[in-house]
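For the numbers below, each heavy atom of this structure counts, side chains included, while hydrogens, waters and symmetry mates do not. Remember, it's 1-based here, ligands and their atoms both numbered in the order they're listed.
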Amino acid sequence: MRSPVAFVTGASRGIGLAAARLLGENGWRVALGYLHSRTQAEDAAAALRESGCDAFAVGGDVSVREEVERMCRAVEERLGGVDLLVNNAGIAQQKLFGDITPEEWERMFAVTVTGAFHCCQCVLPGMLRRGGGRIVNVASMWGQTGASCEVHYSAAKAALIGMTRALAKEVGPSGITVNCVAPGVIDTDMCAMLDASARAALADETPLGRLGTPLDVARAILFLAGEGGSFFTGQVLSPNGGFVI
Ligand code: NAP
């Protein structure tokens, strides 16, 4: 039996990179999506190949339909049909609501929601043909609760959660699961804008007393992708250290 194939978007850094590595270590063949960080993604893919996992890096902007179609074709040609799609590519921005420009609002939704839409539409025909598949969308606890100064981010992540629940109902009868992870504050480049005191305050507010790591989220993704996740669909799994219960 062939090893299953995972396509992880935004796998050049942070959570996506940790997920790609963990999937590779657990027998998946992995396509690592990137936008700008080509060298990081290619180096990560090469390291995975050295450890015996078939992996390659594929570049493109998830918000652009033609680029997603090209990436999905490349994954299929190189590794085979996608069994697991992880919609992880994302951007963040902290701004007062009144200062968000229409372009920034649209970009947030284009990457977060439309990007996931394009990727799902491109891989679903193959999953439907093969009679199964898994989709994991990377949302955020702010999509569950809302965050001040991140209204566009929170709204886009809430939309991703809504999309997850609706699509899960539509494709469940075809043997395809669609779930979300909604991480808490995770120590990646995305949090680089936080100074030491903000990070300490966030860790303090977290019942488990620390920020999350990319691996904390990767483990939740691996769970939803694996045997343990078989009867989960339309769910939001929240590795957040107890920040939001
Ligand atoms: P990160 O370190 O900033 O990495 C973001 C990744 O997304 C990079 O690989 C980047 O690619 C890729 N990307 C950005 N825009 C893209 C686009 N238009 N097309 C394709 N790829 C694109 O972020 P992270 O913290 O790992 O976050 C990963 C996901 O988790 C995001 O969806 C984020 O919203 C979510 N999340 C993060 C946290 C947190 O606290 N860090 C909490 C909750 C949820 P390049 O590097 O190649 O440009």
Side-chain angles (χ1 to χ4, degrees), residues 7-22 30-45 57-72 75 85-94 104 106-119 122 136-147 150 152-161 163-164 180-194 198-199 202-203 205-206 210-218 220-221 236-241 243-244:
F7 177 23
V8 183
T9 68
S12 50
R13 298 182 279 126
I15 292 168
L17 176 59
R21 282 183 176 144
L22 192 63
V30 188
L32 295 91
Y34 65 89
L35 179 58
H36 299 115
S37 310
R38 178 177 182 167
T39 308
Q40 286 98 316
E42 287 184 343
D43 287 353
V58 60
D61 187 333
V62 295
S63 72
V64 180
R65 180 62 171 222
E66 300 70 39
E67 297 195 18
V68 173
E69 287 172 354
R70 177 182 48 72
M71 285 194 284
C72 289
V75 179
L85 168 67
V86 183
N87 282 312
N88 167 77
I91 52 173
Q93 188 180 43
Q94 291 199 318
E104 288 167 342
E106 277 164 21
R107 183 67 186 156
M108 187 62 73
F109 274 75
V111 175
T112 309
V113 188
T114 311
F117 163 75
H118 290 324
C119 292
C122 288
V136 179
N137 294 322
V138 181
S140 162
M141 67 176 177
W142 302 137
Q144 299 171 292
T145 65
E150 293 190 67
H152 51 349
Y153 183 81
S154 303
K157 293 299 193 185
L160 192 58
I161 292 171
M163 178 181 156
T164 301
C180 258
V181 290
V185 185
I186 308 299
D187 198 0
T188 69
D189 294 346
M190 197 170 265
C191 294
M193 78 278 257
L194 300 171
R199 294 161 68 89
L202 283 163
E205 247 187 282
T206 305
R210 64 171 175 87
L211 302 187
T213 67
L215 188 58
D216 289 323
V217 185
I221 294 169
V236 182
L237 188 62
S238 304
N240 64 32
F243 199 106
V244 172

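Nearest heavy-atom pair across Val113 and Ala159 is CG2-CB, 3.9 Å. Considering every non-hydrogen atom in both Met190 and Tyr153, the closest pair reads SD-OH, 4.2 Å. Across Leu85 and Asn87, no two heavy atoms sit closer than the pair CD2-ND2, 3.5 Å. Shortest non-hydrogen contact noted between Val236 and Gln144 is CG1-NE2, 3.5 Å. Annotation for Cys119 and Val62: closest pair SG-CG1, 4.1 Å, computed over non-hydrogen atoms. Across all non-hydrogen atoms, the minimal contact from Ile186 to Pro183 is CG1-CB, 3.7 Å.
Only the side chain of Val111 comes within 4.0 Å of ligand 1, judged by heavy-atom distances. Counting heavy atoms under 4.0 Å from ligand 1, residue Ala92 does not touch it at all.
Counting heavy atoms from C-beta outward, Tyr34 and Met71 have side chains that stay 4.5 Å or more apart. Side-chain contact check for Val58 versus Phe7: some heavy-atom pair is nearer than 4.5 Å. Side-chain contact check for Val185 versus Thr206: every heavy-atom pair is 4.5 Å or farther apart.
Put simply, no part of Trp142 is less than 4.0 Å from ligand 1, judged by heavy atoms. Residue contacts with ligand 1 include Gly184, since one or more of its heavy atoms lies under 4.0 Å from the ligand. Within the 4.0 Å heavy-atom shell around ligand 1 one finds Cys191. Assignment of Pro214 to the shell around ligand 1 is not supported, since no heavy atom sits closer than 4.0 Å. Residue contact annotation: Gly60 has a non-hydrogen atom under 4.0 Å from ligand 1.
Of all the atoms in ligand 1, the ones that sit under 4.0 Å from a non-hydrogen atom of Arg107 are 18 (N). The Val138 neighbourhood of ligand 1 comprises atoms 29 (C), 30 (O), 32 (O), 35 (C), with distances under 4.0 Å to a heavy atom of that residue. When each atom of ligand 1 is checked for a heavy atom of His36 under 4.0 Å away, the hits are 45 (P), 47 (O), 48 (O). When each atom of ligand 1 is checked for a heavy atom of Lys157 under 4.0 Å away, the hits are 31 (C), 32 (O), 33 (C), 34 (O). Every atom of ligand 1 is numbered from 1 in the order shown, and the set under 4.0 Å from a heavy atom of Ile15 is 26 (O), 30 (O), 37 (C). Under a 4.0 Å criterion applied to the non-hydrogen atoms of Asn88, ligand 1 contributes the atoms 28 (C), 29 (C), 30 (O), 31 (C), 32 (O). Close contacts of ligand 1 with Tyr34, meaning ligand atoms under 4.0 Å from a residue heavy atom, involve 47 (O). Taking a cut-off of under 4.0 Å to the non-hydrogen atoms of Val185, the atoms of ligand 1 that pass are 40 (O).
Inclusion of Gly10 in the set of residues having an N or O under 3.5 Å from an N or O of ligand 1 is warranted. Among the atoms of Gly16, none of the N or O lies under 3.5 angstrom from an N or O of ligand 1. The shortest N/O to N/O separation between Ile91 and ligand 1 does not fall below 3.5 Å. Of the N or O atoms in Asp61, one or more lie within a sub-3.5 Å distance of an N or O in ligand 1.
Looking only at heavy atoms of the protein, atom 44 (C) of ligand 1 is closest to Ala139 O, 3.1 Å. Nearest to atom 17 (C) of ligand 1 among the protein's heavy atoms is Leu35 CD2, 3.6 Å. Val62 N, 3.0 Å is the protein heavy atom nearest to atom 19 (N) of ligand 1. Looking at atom 5 (C) of ligand 1, its nearest protein heavy atom turns out to be Gly90 O, 3.7 Å. For atom 24 (P) of ligand 1, the closest non-hydrogen atom on the protein side is Thr188 OG1, 3.6 Å. When only non-hydrogen protein atoms are considered, atom 3 (O) of ligand 1 lies nearest to Arg13 NH1, 3.3 Å. The closest protein non-hydrogen atom to atom 21 (N) of ligand 1 is Ala89 CB, 3.4 Å. Nearest to atom 27 (O) of ligand 1 among the protein's heavy atoms is Met190 CE, 3.8 Å.
Using a distance-only test at 3.5 Å, with no hydrogens or angles considered, no donor-acceptor pair links the side chain of Thr9 to the main chain of Gly33. Side-chain N or O atoms of Lys157 include one that pairs as donor or acceptor with a backbone N or O of Val138 at under 3.5 Å. Put simply, the side chain of Asp43 never gets that close to the backbone of Gln40: no donor and acceptor are under 3.5 Å apart. Counting only distance, with no hydrogens or angles, the side chain of Asp61 and the backbone of Ser63 share a donor-acceptor pair below 3.5 Å. Using a distance-only test at 3.5 Å, with no hydrogens or angles considered, no donor-acceptor pair links the side chain of Ser140 to the main chain of Ala182.
Salt bridge Glu66/Arg70: absent, no basic N to carboxylate O contact under 4.0 Å. Taking 4.0 Å as the cut-off between side-chain N and carboxylate O, Asp187 and Arg199 count as a salt-bridged pair.
Comparing Leu160, Thr39, Ile186 against atom 40 (O) of ligand 1, the shortest heavy-atom distance belongs to Ile186. The option from Ala192, Pro183, Gly115 that lies nearest to atom 43 (C) of ligand 1, judged by heavy atoms, is Pro183.
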